[in-house]
Each structure stands twice: as C-alpha cells, then as structure tokens.
Amino acid sequence: MDKLIIEGGEPLKGEITISGSKNAALPILTACLLATGPVRLTNVPRLRDINTTLKLLNILGCETAFENGVVNAHVRALKHEAPYDLVKTMRASVLCLGPLLGLLGEAKVALPGGCAIGARPVDMHLRALERMGARFILDSGYIHGICGGLIGARIMFDFPTVGGTENLLMAASVAKGCTILENCAREPEVVDLANFLNAMGARIRGAGTSVIEVEGVRSLSGCEYSVMPDRIEAGTYLVAGAITDGELILRGCPTVDLDALITKLREMGVLVESLPDGGVLVRRDGPLTGVDVTTQPHPGFPTDMQAQIMALMCVAHGSGTIQEKIFENRFMHVPELCRMGARISLKDRTAMVRGVDHLVGAPVMASDLRASASLVLAGLVAQGTTEIQRIYHLDRGYERMEEKLSAVGAHIRREHEQG
Ligand code: UD1
C-alpha cells in the first residue's frame with residue numbers, strides 16, 4: 001500500500017495546471033453507452049475511478065481505449081449487468097441504470113455498499129426511474145430493473161441529487177416523449193453532462209437551473225467532446241497556495257464554478273485574482289481569519305471542499321464553524337487533523353475550529369477522497385514530517401497530486417509499503 005511523506009513548511013510557488021473533472025468525466029463516460037457511433041473524449045483525467053468506469057463500460061459491451069487524456073469509446077453489443085466486484089468500489093456505477101434501462105429495458109447493477117433498496121443512497125434514482133415506467137427488485141445484492149421502454153414523465157426530486165439528476169438526464173434522453181425534472185442539481189458537472197448529451201443529439205434544456213426539460217430522441221450518435229476542468233482539484237490547490245503562504249498560479253481554473261469557495265477564501269484573507277493571460281493567482285492578502293461555512297447544493301459551498309477549507313481554518317486566527325448539510329458522516333478527517341495539533345470540536349453536523357499557531361507533522365490515516373486532500377494540505381504547512389497512509393483514496397480523485405505539488409516546491413514523496 002502506498003503512503004505519502006510530506007516535510008511541511010515550504011511556501012508553494014509556481015504554476016499548476018488543472019486536470020479534467022473526475023465528477024464530470026464519470027457520468028459522461030457512462031453516457032457513452034447511449035451512443036450508436038464512436039465517441040472521442042478529451043481532457044479525461046488519469047484516475048482510479050476513471051479506470052474503474054472504463055472497466056465497467058467494457059463489461060457492459062462498450063470498447064474503450066484511453067491514452068494521453070483521450071478516451072475513444074464505441075458500443076459493440078450492450079449487456080445489462082454491472083457486477084459487484086466493480087460497483088463496490090465506486091458509487092457512481094449506479095449511473096449506468098438510466099442508460100441501460102433506456103436502451104435495453106433491463107439493468108442489473110450491484111448495490112453500492114450494503115444498503116437496502118429504497119433507502120439511501122439511491123432511492124431517489126430508483127423512484128424517479130419508476131416514474132418513467134421502470135420496476136425494480138432487489139435480487140441477491142443486485143438492483144434489477146426492467147421496463148417495456150421508458151416513458152417521459154414529470155419528476156420532482158426530494159433533494160437536488162447530483163447523481164440522480166444525471167441518471168435521469170441519460171434515461172430521459174432516449175425515453176419516449178418529454179420529461180420534466182424539477183428540483184434538479186445545478187452542479188456544473190450536470191451541465192457538462194447535458195452539453196455532452198446534446199452534442200450526441202439529445203434535446204435537453206435548462207441544465208444548470210432547477211427545472212430541466214428533456215425531449216426524448218430515438219437514438220444518440222457519437223461525437224467529440226472535451227471534459228470540463230476539475231473545480232474541486234482547482235479549489236484544493238487554491239487552498240494549498242493559501243495554507244503554505246505561497247504564491248501559485250493555476251492554469252485552467254474554472255473560477256465561475258468556484259464562486260462560493262472563492263468568496264469564503266477572500267473572507268479569510270486570501271487573494272484570488274484572475275490574470276489577463278487566463279491564469280488565476282492565489283496568495284495570502286494578510287493574516288488568515290476563521291469564517292463560518294455551511295455546505296449546500298450548488299451554487300452553495302461544495303461539500304467536496306469542506307475538508308480542505310477546514311485544514312485552512314486550523315491555521316487561521318480566531319475560530320470558525322463548518323456545518324455539513326449534504327452528507328451525514330463527513331468529518332472523518334477531524335480526528336486526524338487533531339492528531340496534528342488542530343483544535344476542532346464536533347457537535348452533530350457542525351465542527352467548531354479554533355485556529356492554532358502551527359500544526360505538527362504526524363502519521364495519519366486517509367479515510368476518504370477529500371479527507372485525504374485535507375491531510376495533504378495540513379501536512380504541507382505542518383512542522384516536521386507527516387506520513388499519510390491509505391492514499392489509494394487520493395488516487396481516486398487527484399491526478400498526479402504529488403508530482404504537481406513537488407513541481408511548485410513541496411517536499412512530498414510517495415513510498416510503497418509492503419502489506
Ligand atoms: C456527487 C459527487 C460527490 C459530491 C456530491 C454532492 C460524483 C461522482 N460525486 O455525489 O463528489 O460530494 O455529488 O455534491 O459526482 N441521497 C439519497 N438518496 C439518493 C441520492 C442521494 O439519500 O437516491 C443523499 C446522499 O446520501 C447524500 C445527498 O443525498 O447525502 C447528496 O447526494 P448526491 O447529490 O446524489 O451525491 P452523489 O451524486 O452521490
């Protein structure tokens with residue numbers, strides 16, 4: 001198992017280029033199942049979750065080749081079963097339900113994790129697909145869906161679920177008639193998927209707002225498409241510049257999609273400035289101060305940046321609070337940050353962070369993707385050595401993170417551990 005070793009305290013200086021978005025690429029790759037012709041995708045990040053999705057596509061009958069950020073995908077003979085071995089590592093696998101039901105009228109996808117049908121985490125996906133005529137049973141850990149062709153419907157999500165909105169966009173694109181989706185997720189990745197589907201000939205209007213209209217078409221063709229840049233990776237490097245008191249320029253940083261984060265960073269005393277050449281400069285603009293943050297669906301503060309801004313607040317003056325409103329159990333980084341000297345107390349879904357003069361390096365354990373990123377950020381500013389174990393989580397979502405950070409002056413290296 002690999003681990004990361006970081007010697008903290010180096011201000012980061014230089015340029016970082018932002019990779020393609022993981023969370024946009026995953027549904028877009030899944031949507032390739034809908035194409036009758038070849039698809040060419042560019043700006044696809046080289047990540048573990050992407051490789052898992054490519055394997056899933058292969059098993060479902062879609063041939064893929066991935067080289068230098070380009071995926072070529074071509075459906076040969078679509079199959080309807082996504083096996084547990086693949087699905088267990090990646091919740092996003094459930095996104096193939098929509099395309100498979102839409103095209104084949106049948107889909108059998110292993111349930112991600114051990115949750116019962118109808119309960120979290122995919123109940124909203126299933127209820128919405130049921131409104132379009134699908135029927136589901138739970139069969140030996142698999143969600144088995146069938147329908148005699150999906151039919152357009154009016155669907156109101158209980159909560160603006162990102163994956164649910166994406167699943168339904170794909171299903172509705174090839175359904176019979178018109179589908180109106182209400183209370184949709186407005187995340188930029190939903191818009192990127194809709195743009196991709198439209199490039200294949202879908203008729204989707206309103207993506208990026210809470211009401212989306214989809215007029216079903218008979219079939220979708222192949223196309224060429226470039227995946228949007230990763231706003232969460234960009235946000236993480238904005239925090240890296242600020243936390244190390246460095247000066248970074250990000251290339252390909254989607255500032256429009258990062259409004260809520262940038263507003264909070266500025267409140268904390270961080271300068272984020274768009275340069276005339278398209279780069280985005282980040283550095284401190286004075287001492288850092290604590291702020292209050294509440295995660296919300298887009299355009300609110302992204303839950304995927306919660307752990308990283310917490311690391312920054314750990315070394316700010318004064319205190320601040322972080323309220324997590326999207327996921328129930330997303331504070332696994334808190335005890336690890338505390339092992340590095342952070343002062344954080346937790347009550348229900350709120351963390352109270354009191355800034356400290358400095359963090360101290362320690363051996364810590366990564367627990368999930370964004371939690372891992374927060375430990376890297378803390379390690380970059382901590383005195384001494386931080387050893388982060390279980391970094392396979394990071395490899396799911398950050399392309400060449402230690403390479404990118406080393407290139408701007410971080411003392412960070414990967415070690416391979418037996419066992
Ligand atoms: C996506 C992102 C993830 C991000 C999240 C919220 C991808 C691959 N992942 O995840 O990085 O943190 O959006 O911005 O794009 N829920 C249910 N039932 C459902 C669906 C969701 O209870 O049927 C709950 C979830 O457990 C969670 C909340 O709703 O508490 C939001 O989930 P959702 O927006 O669907 O997130 P994902 O699409 O899984």
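Whatever order the structure lists them in is the order used to number ligands and atoms, beginning at 1. Throughout, numbering of the chain's residues begins at 1 and tracks the sequence.
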Report, in ascending order of atom number, the atoms of ligand 1 lying under 4.0 Å from any heavy atom of I326.
27 (C), 28 (C), 30 (O), 31 (C)

Ligand 1 contact by A185, heavy-atom criterion under 4.0 angstrom:
no

Return the option from V162, T295, V190 holding the heavy atom at the smallest distance from atom 33 (P) of ligand 1.
V162

Which atoms from ligand 1 have a heavy atom of G163 less than 4.0 Å away?
35 (O), 38 (O)

At a non-hydrogen distance cut-off of under 4.0 Å, which region of L126 contacts ligand 1 (side chain, backbone, both, or neither)?
neither

So which bit of R91 gets within less than 4.0 Å of ligand 1, heavy atoms only: side chain, backbone, both or neither?
side chain

If the threshold is 4.0 Å, N to carboxylate O, is there a salt bridge linking E267 and K264?
yes

What atoms in ligand 1 come closer than 4.0 Å to a heavy atom of R330?
12 (O)

Numbering as shown, the atoms of ligand 1 that approach M124 to under 4.0 Å (heavy-atom distance):
16 (N), 17 (C), 18 (N), 19 (C), 20 (C), 21 (C), 23 (O)

State whether the shortest distance between N or O atoms of T303 and N or O atoms of ligand 1 falls below 3.5 angstrom.
no

Between R127 and D158, is the closest basic N to carboxylate O distance under 4.0 Å?
yes

Does any part of the side chain of L97, heavy atoms only, come nearer than 4.5 Å to the side chain of L126, both counted from C-beta?
yes

Is a salt bridge present between E15 and R251, judged by a nitrogen-to-oxygen distance below 4.0 Å?
yes

Beyond-backbone contact of N23 with D304, side-chain heavy atoms, under 4.5 angstrom
yes

If you measure from each heavy atom of E189 to ligand 1, is any distance below 4.0 Å?
no

